[in-house]
Every structure is written in C-alpha cells, then in structure tokens.
Enquirer: 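The structure's right below; bear with me while I get my questions together.
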Amino acid sequence: MPSAKNSDVFKSWVPDWLILVGIFLFLIPIASVLGIYMAGINSAASYYGIDAIDVRLSVVIFYLAIVCAFPIEKHFFNRFSSRPYLVGCALIYVAINLILYSISSFAVLLILRFLGGVLSLSFIGISFSMIFRQFHAQRSRVLGYATLYSSLFATAPLAQILDAYVFTEYDFNTIFLVKIYALIPGLLLFLFLLKPKIDLRPEGKIPFKNVDWKSFVLLATPLILIAYILLYGQYYHWLKSIRITFCMIAFVFFTMLFVIRQLKLKDPYIDLGVFKTRNFRIGMLLLIVFYLAKGDTSALYVFFGNSVNLDSYNQGYVMLINAVGIIVGAALAARFVLAKMNIRLIWITGFGALLGFHLLSLRVISNQAEISDLLLPIFLQGFGNGSLMVSIVIFYVTAVPPNIGFSASVSGVAFRFFTFTASMALVSFMSLHQQKVHQQSFAEHLTADNPMAVQHIAEYSQALQQEGNLVESTNASNALLSREIAKQTNLMFVRDYFIYMSVFIGLVMLAIALIPHFHYHIRKIGAKLIPV
C-alpha cells in the first residue's frame, strides 16, 4: 500500500517502490531529450543538409523554450485536470515526433524543438511534484533537488548510448520514433497507478486571460538573439558582420523592453526584485562560474575520438561512470546541506573535484591513453557537477523571500541557459583559435629540409607501397602526414583548454575561500525551497 504522502494521489494497492519506478520510467525519456542529437551530430547534419553548428542550435532552442515558458506553464497546469492534461500533452508529444519523423526541414525542426521544450515542462513538472512527495516534509526540498538534478544530468550517457545505436543501425529520423516508444511504458504505468480523479493543481483553475503572452514574446526574442550571437558570432567574425551587429542591437533593444515591462507590471512575468538580494546575485555568479568550469564534454569527446579511438557508442559506456559521479555528488551535497555544513566547504569540494578532473586528464591526454586511465577523472567531473548544481541552486533559491521564490527559480534557469550556450561557444572559439595557432607552429617546422618530416613521409610511403599502393604513394603519404598533424593539433587544443580551465578553477576556489561573508542561513531551508 502507498504511504500517507502518496495515498491521496495513487491507488490504494500501489506500493511506494512501484511509484518510484513509474516516476522514473516516465521522467527519463523526457529528461534525455535535451541533447538527444548530440551523439549523432554528423548524422543530423547530413539528414537536414546543415552544419554541425546548426544542430547545436536545435539543442539550444529546446533549452531556450524551457526558460521562456517556465512562468506560463503553471497557467496551463492549473487550467486542466491532471490526468486529461497529462494525456493531452502526451498526444501532442507524439504528434510532434511523428511530424519530425516524416519531414526533413530544418526550419520545422527548430519550430517543433521549441514547442517540444515548452511541452517538456508539463511532463517534468508533474514528475518532480511526485518526486518531492516521496521525502519527509523537512527534507523533501533538498532531497527533491538532489533527485531532480541527478536524474537530469545522469541521463545524458544513457541517451548517448541509445542515440549511437540508433544512428549506427538506422536512419537519423528513426530517433523520433524511439522517443515515442520510450515514453509509452512510463506514461501507461503512470496513468494506471494514478487515481482516476486525481487533481494536482496547487492554485486552482486559472483563466487563460491572465497569461502574460507579451512578456513571453519579449523574453523569448532576446534569448533567441543571444543564442544566435554566441553560436554563430565566430562563424561570421562577430561585429565585423552586419548580421551579428544587427542581432546585438536587437538583443539590447528587446532586453530593455522586457525589463521596462517587468518594472511596470503589478504581477511581473519575472520579478526583477530578486536581483536586489545580495546572496541571489552571488548565486547567479556561482552558477555562471560553475557552467564555465564544469568541463564541456565536447572537448573530451574530441580526445576520445581522435586519440583513444572511441566511437559515440563506446563513449556513452565510458561516460556511465560520470553518471555515477553525478548521483554520488548530488546525494552527498544534499546530505551535507541537511547537516547544515558550511556551504563554502561544499563548493570548495565540488570545484576541487572539477580541478582534479582537469589535472588528472592532463596527465593522460596523449596518443597512448587508455580508457582505464580516464575513469577516475570522469568520475570526479560527475561528482563536481552533482554536488555544485544542488548546493548552488539551494543557495540562491533560499536567498530570496518566499513570495518571489518562483522568479528566483526562473532567473536561475535563464542564467543556466545563457551559460550553457556561452560554454558551448567558448569551446568552439578555443578549438578554432588554438588549432590555428598549433597548425601555424607545425607549418614553420614541417619544411622540405626538415629531416623528421622527410622521415615520416618516407615511412608512410613505404607502408603504402608494401600494401600495394604504388600509384600516388607520395601524395597519399603527404595526406597521411596532414591527418596526423590535424590529430596532434586537436590533442594540443584539448590540453590547452584543460590547462586554462585548471587555472580558472583554482582562482575560483581561492576566491570562495577568501571571501569572508556569504550570509547564508540554512535553518529554515525546508520552508523556503520551491521546485525548479
């Protein structure tokens, strides 16, 4: 039988363990949708006839939609009864993926990815409201956050394994059918376990006339513009391009319109008063620092592919240890928060784990690296991500008065979106810049009178001739040498990136240790936290 906390929601015969199974079967397919194409960027680019950067834009658009729709989703959630609302959202989800399966238009992909991001809030909101019910009232918020973020972050390796299998065995668009099939078991079980007339609306029925559509548009517009600027700025040479300059001007203009509107509204879409709280501003700064420092896995995947020779499928298996680290880090952070440990010690531990990840990675990043050498640093990266995400979110949400706590949550999601996109752009910038620097360095030394270059070309030529490739062996050997140079420049870029991040994280840890006041009070944490 369900416990008292679940008896008013689930049928009388349902045990608590089956409730947890149902929640996670329903949640995981939705949580993994954010980066569903990242293991098959080349497949997606080929299918839609676009560049890899366009595929990344489709990922960012999904995240952007979550940010924009966060404040209005509660109006939809409170407008309909829970079971019909859940079924309706599932039908729309199926329709979106069937359209994406049938159409290979990139424009349609972007539009439906945006709608999918809005829709995902409905599923995630219901799932997380159930997760928060599973814990004791005084601990539910902290443990709920830990469960929430460990679930979201830890699904990435599982999604990558699934993606890699689909992209290897089937056409790219098959992934949209897989998304539908993955949702069905959890949805059916969830509906079977819920009581027929269950109603989870916390605020009662809210009319649609109260939805602030103007603020929604004014928020979505600058976010789309800044995402475009960050992702495509280097491609178009930043402000040397009229396109990027126009986008920058438009971004500033629409941001100012949004801010002015929020300051004039009695019931703002996002209450900007949250930024008057010192600890909230510190929390946002820490959030930005964390997303920049957590180690963009795309740089690590470059190393996996070029030096360890792992395909996307096996990369996903290796990254499972990262998921374990995330779960352990989030669980320990929640435990220490409940034990009222000094929050700065948790942050220093988390950033210390990220520093360990970068330093240990530097030791094994070479042409002779083995998978076993990477397991500890990958675990540390997951541990740092889990512990910092949970502790930072708890810090900034509890920093503001309860009446504007929801705006703090929305602002936090917006800052996470911005820094997520900025981190992606930073890695792209570093990759192009550092590889160019190292290629120029190689070009200065690889001359016709360089004995090592001549020796390598001769070795490649001899190997080709032994294999029977007598024709054009010189040109082929030159191509092999160029490929080896490209591999080395990629490797050196990854090393450069990890060195810079190590220095950055060290400075962050020093700042956390030396800043004397955070004014963080944790005694009433259970009453102040709200789901995000």
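All residue numbers in this chain count up from 1 along the given sequence.
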Enquirer: Contact between Phe280 and Phe395 at the side-chain level, heavy atoms closer than 4.5 Å - yes or no?
Expert: no
Enquirer: Compare every heavy atom of Val410 with every heavy atom of Ile270, then report the nearest pair and how far apart it is.
Expert: CD1-CG1, 3.5 Å
Enquirer: Which heavy atom of Ala399 sits nearest a heavy atom of Asn279, and at what distance?
Expert: CB-CB, 3.5 Å
Enquirer: Test side-chain contact (heavy atoms from CB on, under 4.5 Å) on Phe504 and His358; report intermediate values, then the result.
Expert: CA-CA 11 Å; Phe504 176 67; His358 287 88; over 6 Å; no
Enquirer: When the ring planes of Phe123 and Tyr93 are compared, do they come out parallel, tilted or perpendicular, using 30° and 60° as the limits?
Expert: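 The arrangement is perpendicular - the two ring planes meet at more than 60°.
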Enquirer: To the nearest 0.5 Å, how far apart are CG in Leu287 and CD1 in Ile282?
Expert: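 Rounded to the nearest 0.5 Å, the CG-CD1 separation comes out at 13.5 Å.
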Enquirer: Nearest 0.5 angstrom please: Leu355 CG to Ile348 CD1, how far?
Expert: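 So the CG of Leu355 and the CD1 of Ile348 are separated by 12.0 Å.
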Enquirer: Sequence neighbours excluded, which residues qualify as side-chain contact (heavy atoms from CB on, under 4.5 Å) partners of Ile288?
Expert: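 Counting only residues at least two positions away or on another chain, Ile288 forms a side-chain contact (heavy atoms from CB on, under 4.5 Å) with Leu292, Phe415, Thr419.
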Enquirer: On a heavy-atom basis, which atom in Arg261 and which in Ser215 lie closest, and how many Å separate them?
Expert: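 So the two residues come closest at NE-OG, 3.0 Å.
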Enquirer: Do Leu25 and Phe190 have side chains that get closer than 4.5 Å, going by heavy atoms?
Expert: no
Enquirer: Atom CD1 in Ile242, atom OH in Tyr236: separation rounded to 0.5 Å?
Expert: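 Rounded to the nearest 0.5 Å, the CD1-OH separation comes out at 13.0 Å.
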Enquirer: Considering residues at least two apart in sequence or located in another chain, which fulfil the side-chain contact (heavy atoms from CB on, under 4.5 Å) criterion with Leu345?
Expert: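 In terms of side-chain contact (heavy atoms from CB on, under 4.5 Å), with neighbours along the sequence ignored, Leu345 is linked to Met341, Asn342.
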Enquirer: Less than 6.0 Å separating the ring centroids of Phe290 and Trp347?
Expert: no
Enquirer: Might you point out which heavy atoms bring Leu354 and Gly384 nearest each other, and give the distance in Å?
Expert: CD2-CA, 4.1 Å
Enquirer: Is a side-chain donor or acceptor of Arg344 paired with a backbone partner of Ile512 at a separation under 3.5 angstrom?
Expert: yes
Enquirer: Step by step, work out the side-chain contact (heavy atoms from CB on, under 4.5 Å) result for Ile229 and Trp238.
Expert: CA-CA 8 Å; Ile229 292 168; Trp238 298 106; 4.2 Å; yes
Enquirer: State which residues pass side-chain contact (heavy atoms from CB on, under 4.5 Å) with Val118; sequence neighbours excluded, sorted by chain then number.
Expert: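 Testing Val118 for side-chain contact (heavy atoms from CB on, under 4.5 Å), a comparison that skips the adjacent residues, returns Ala65, Ala69, Phe114.
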Enquirer: Decide yes or no for Val324 and Phe383: does some side-chain heavy atom of the first lie under 4.5 Å from some side-chain heavy atom of the second?
Expert: no
Enquirer: Measuring from atom CE of Met248 to atom OG of Ser241, what distance do you get when rounded to the nearest 0.5 angstrom?
Expert: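 Rounded to the nearest 0.5 Å, the CE-OG separation comes to 11.0 Å.
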Enquirer: State the CD1-CG distance between Ile321 and Leu376, to the nearest 0.5 angstrom.
Expert: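 Here the rounded value is 9.0 Å.
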Enquirer: Do Asp267 and Leu265 come within less than 4.5 Å of each other through their side chains, counting heavy atoms only?
Expert: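 Asp267 vs Leu265: side chains apart.
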Enquirer: Taking all atoms of both residues into account, what is the closest heavy-atom pair of Ile346 and Val337, and its distance?
Expert: CD1-CG2, 3.9 Å
Enquirer: Decide ring pair (Phe, Tyr, Trp, His ring centres under 6.0 Å) for Phe357 and Phe498; before the verdict, give the C-alpha distance in whole Å, the side-chain angles of both, and the deciding distance to 0.1 Å.
Expert: CA-CA 9 Å; Phe357 157 68; Phe498 276 61; 5.5 Å; yes
Enquirer: For a 4.5 angstrom cut-off between non-hydrogen side-chain atoms, does Leu359 reach Arg363?
Expert: no
Enquirer: So do Leu514 and Met509 actually touch side chain to side chain, heavy atoms under 4.5 Å?
Expert: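 Sidechains of Leu514 and Met509: no contact.
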Enquirer: Partners of Tyr232 by side chain to side chain donor-acceptor pair (under 3.5 Å), sequence neighbours excluded?
Expert: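 So Tyr232 forms a side chain to side chain donor-acceptor pair (under 3.5 Å) with Asp54.
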Enquirer: Within the 4.5 Å heavy-atom criterion, are Leu285 and Arg281 side-chain neighbours or not?
Expert: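 No; the side chains remain at least 4.5 Å from each other.
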Enquirer: Closest approach of Ala408 and Val400, non-hydrogen atoms and distance?
Expert: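 Looking at all heavy atoms of both residues, the shortest contact is CB-CG2, 3.7 Å.
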Enquirer: For Gln262 and Asp271, which I'm curious about, is there any donor-acceptor pair between the side chains at under 3.5 Å?
Expert: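 Short answer, no.
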Enquirer: Before giving the answer on side-chain contact (heavy atoms from CB on, under 4.5 Å), spell out for Phe351 and Val289 the whole-Å C-alpha distance, their side-chain angles and the decisive distance to 0.1 Å.
Expert: CA-CA 10 Å; Phe351 280 111; Val289 168; 3.9 Å; yes
Enquirer: Is the backbone N or O of Cys68 less than 3.5 Å from a side-chain atom of Tyr269, with the two atoms forming a donor-acceptor pair by type?
Expert: yes
Enquirer: Enumerate donor-acceptor pairs with a distance under 3.5 Å from any side-chain N or O in residues 216-228 to protein atoms, sequence neighbours excluded.
Expert:
{"from": "Thr221", "atom 1": "OG1", "to": "Val217", "atom 2": "O", "distance (Å)": "2.8"}
{"from": "Tyr228", "atom 1": "OH", "to": "Arg243", "atom 2": "NH1", "distance (Å)": "3.1"}

Enquirer: For the OG atom of Ser391 and the CG atom of Leu286, what is their distance to the nearest 0.5 Å?
Expert: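 One finds 8.5 Å between OG of Ser391 and CG of Leu286.
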Enquirer: Are there more than 12 heavy atoms of other residues, nucleotides or ligands under 6.0 Å from atom CZ of Phe275?
Expert: yes
Enquirer: Taking the side chain as everything from C-beta on, heavy atoms only, tell me whether Leu110 gets closer than 4.5 Å to Ser58.
Expert: yes
Enquirer: Stepwise, does the side-chain contact (heavy atoms from CB on, under 4.5 Å) test hold for Val108 with Leu112?
Expert: CA-CA 6 Å; Val108 173; Leu112 294 184; 3.7 Å; yes
Enquirer: Not counting sequence neighbours, which residues clear side-chain contact (heavy atoms from CB on, under 4.5 Å) with Ile499? List them please.
Expert: Leu362
